[in-house]
Protein chains: 2
Amino acid sequence: MPLFQVSTRIQYGLRALAYLAGKDGPASATEIAGAEGIPGKYLEGILGQLTASGLLRSERGKNGGYRLSLPAAEVTVLSIVEALEGEIRPTECAAGPGACDHDLACLPRRFWLGLKTAVDEYLRSRTLLDVIDPAS
Amino acid sequence: MPLFQVSTRIQYGLRALAYLAGKDGPASATEIAGAEGIPGKYLEGILGQLTASGLLRSERGKNGGYRLSLPAAEVTVLSIVEALEGEIRPTECAAGPGACDHDLACLPRRFWLGLKTAVDEYLRSRTLLDVIDPAS
DNA sequence: TATAATCCTAGTATTCAGATAGGAATACTG
DNA sequence: CAGTATTCCTATCTGAATACTAGGATTATA
């Protein structure tokens, strides 16, 4: 139903990163899941993705866990979203020219691309620090 | 997978309205569907919603059809989206305070509300005319 | 009366988000 | 070396929603 819906994947990922930003030293998936009320096994997968994309660094074995690769101020929300869901694309049209075949030129395409741009700019202009800082 | 996904409902609705904007006199659902390559019966439902919301006016019976209630320049895309999908809401959090229960205050809420605002502003600032005018 | 249109209600099919489950590999610790 | 706590990998399930499809009732025109 919604035009844009933020998946639990992104919400959980963001909250997990926010939790890690408030900690020095690694935190395990179980710890984060407990603190944030997120299903543990589900969160594991999300943290794995964030690790694969380079936003997190993981240490295996006892006393292991996850920690941020960068200071919170250097992590844009766009990078988080893209790590978890790939590139943002409102419509097939927006994939590029030739991607749709209505009329001669798909007029709405420019419009949807503009929306994508607006969203991208918002997400790129905010960092993890902005998200967790009540005074921003 | 996408952060924001424009449903076919909205895409079809927008294209149908764009078609009507380029015509004087009513067009039937069948005509629009044929011109735009949209499943006819499916489009009927969409046009019905747009009519119920006041964006279109319909005439039944032979030679009937749909026409815009207002000039294209006075129809914001936001009104179209809301007619077809209701209010935009990125997360449960964004519904208002108390809608989520993580931590003491849900820190990401402000962030998601900001995203909603950015999207709303974009959609409110564009009219149907902007969508169909190649020079805008 | 025939026709062409909107309007109304119900059903289906497929996809996907959101998990859940079980275990293998890895690394500390006593 | 044994135990334990962790990440990592793969597979499976499920409920809900989107995207249609179907059939017909109602209404207006010619």
Side-chain angles (χ1 to χ4, degrees), chain A residues 1-16 20 23 25-67 69 81 84-86 89-92, chain B residues 1-16 20 23 25-67 69 81 84-86 89-92:
Chain A
M1 197 93 164
L3 173 69
F4 71 110
Q5 153 100 322
V6 182
S7 60
T8 61
R9 217 173 173 69
I10 289 183
Q11 293 183 58
Y12 291 169
L14 189 59
R15 276 160 56 197
L20 287 168
K23 241 203 122 159
S28 72
T30 305
E31 175 185 340
I32 302 171
E36 291 288 331
I38 299 170
K41 277 295 199 178
Y42 190 37
L43 182 60
E44 263 187 31
I46 294 168
L47 295 173
Q49 264 185 288
L50 293 171
T51 304
S53 76
L55 289 174
L56 291 180
R57 293 170 67 185
S58 66
E59 289 160 37
R60 300 176 72 164
K62 197 166 182 180
N63 299 332
Y66 303 88
R67 65 180 77 209
S69 300
V81 168
L84 292 175
E85 299 204 335
R89 182 184 309 161
T91 61
E92 288 301 313
Chain B
M1 195 92 163
L3 172 68
F4 70 110
Q5 154 100 321
V6 183
S7 60
T8 61
R9 220 173 169 71
I10 290 183
Q11 292 183 59
Y12 291 168
L14 189 58
R15 277 160 56 197
L20 287 168
K23 241 203 122 158
S28 72
T30 306
E31 174 185 340
I32 302 171
E36 290 288 331
I38 298 171
K41 277 293 197 179
Y42 189 37
L43 182 60
E44 261 187 33
I46 294 168
L47 295 173
Q49 263 185 288
L50 293 171
T51 303
S53 76
L55 289 174
L56 291 180
R57 293 171 64 184
S58 65
E59 288 160 37
R60 299 176 73 163
K62 196 167 183 181
N63 298 333
Y66 303 89
R67 65 179 77 210
S69 300
V81 168
L84 293 175
E85 300 204 335
R89 183 183 308 163
T91 61
E92 288 301 312

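Hydrogens, waters and symmetry mates are skipped; everything else that's a heavy atom, side chains included, is used. Residue numbers start from 1 in every chain, and the chains themselves are labelled A, B, ... in the order their sequence lines are given, proteins ahead of strands.
Look at CD on A:Gln49: it is 15 Å from C1' on D:dT10, rounded to the nearest Å. Per the geometry, CD belonging to B:Glu85 stands 11 Å off C1' belonging to D:dA17, to the nearest Å. Separating the CD1 atom of A:Ile46 from the C1' atom of D:dC8 is a distance of 15 Å, rounded to the nearest angstrom. Computed from coordinates, the A:Ile10 CD1 to C:dA19 C1' distance equals 17 Å when rounded to whole Å. Taking atom CD of A:Glu31 as the reference point, atom C1' of D:dT7 lies 15 Å away to the nearest angstrom. Rounding to whole angstrom units, CG of residue B:Leu84 and P of D:dA19 are separated by 12 Å. Rounded to an integer number of Å, the gap from A:Leu50 CG to D:dC8 P is 11 Å.
Contact of the B:Ile46 side chain with the B:Ile38 side chain is not registered, since no non-hydrogen atoms from C-beta on lie closer than 4.5 Å. In this structure, the side chains of B:Val6 and B:Leu14 stay at 4.5 Å or more apart for every pair of heavy atoms.
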For each nucleotide in nucleotides 2-7 of chain C, reading 5' to 3', give B when a protein heavy atom comes within less than 4.0 Å of its base, S when such contact involves only the sugar-phosphate, and - otherwise. -BBBBB

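Listed for the A:Ser58 side chain is no donor-acceptor partner under 3.5 Å among the backbone atoms of A:Tyr66. Of the possible donor and acceptor atoms, none in the side chain of A:Ser28 sits under 3.5 Å from a partner among the backbone N and O of A:Gly65.
For B:Ala29 against B:Glu44, the heavy-atom pair with the smallest separation is CB-CG, 3.9 Å.
In this view, B:Lys62 satisfies the salt bridge (Lys or Arg N to Asp or Glu O under 4.0 Å) rule with no residue, not counting sequence neighbours.
For the OP1/OP2 pair of C:dA19 and a distance below 4.0 Å, the side-chain nitrogens and oxygens of A:Tyr12 include at least one atom meeting the criterion.
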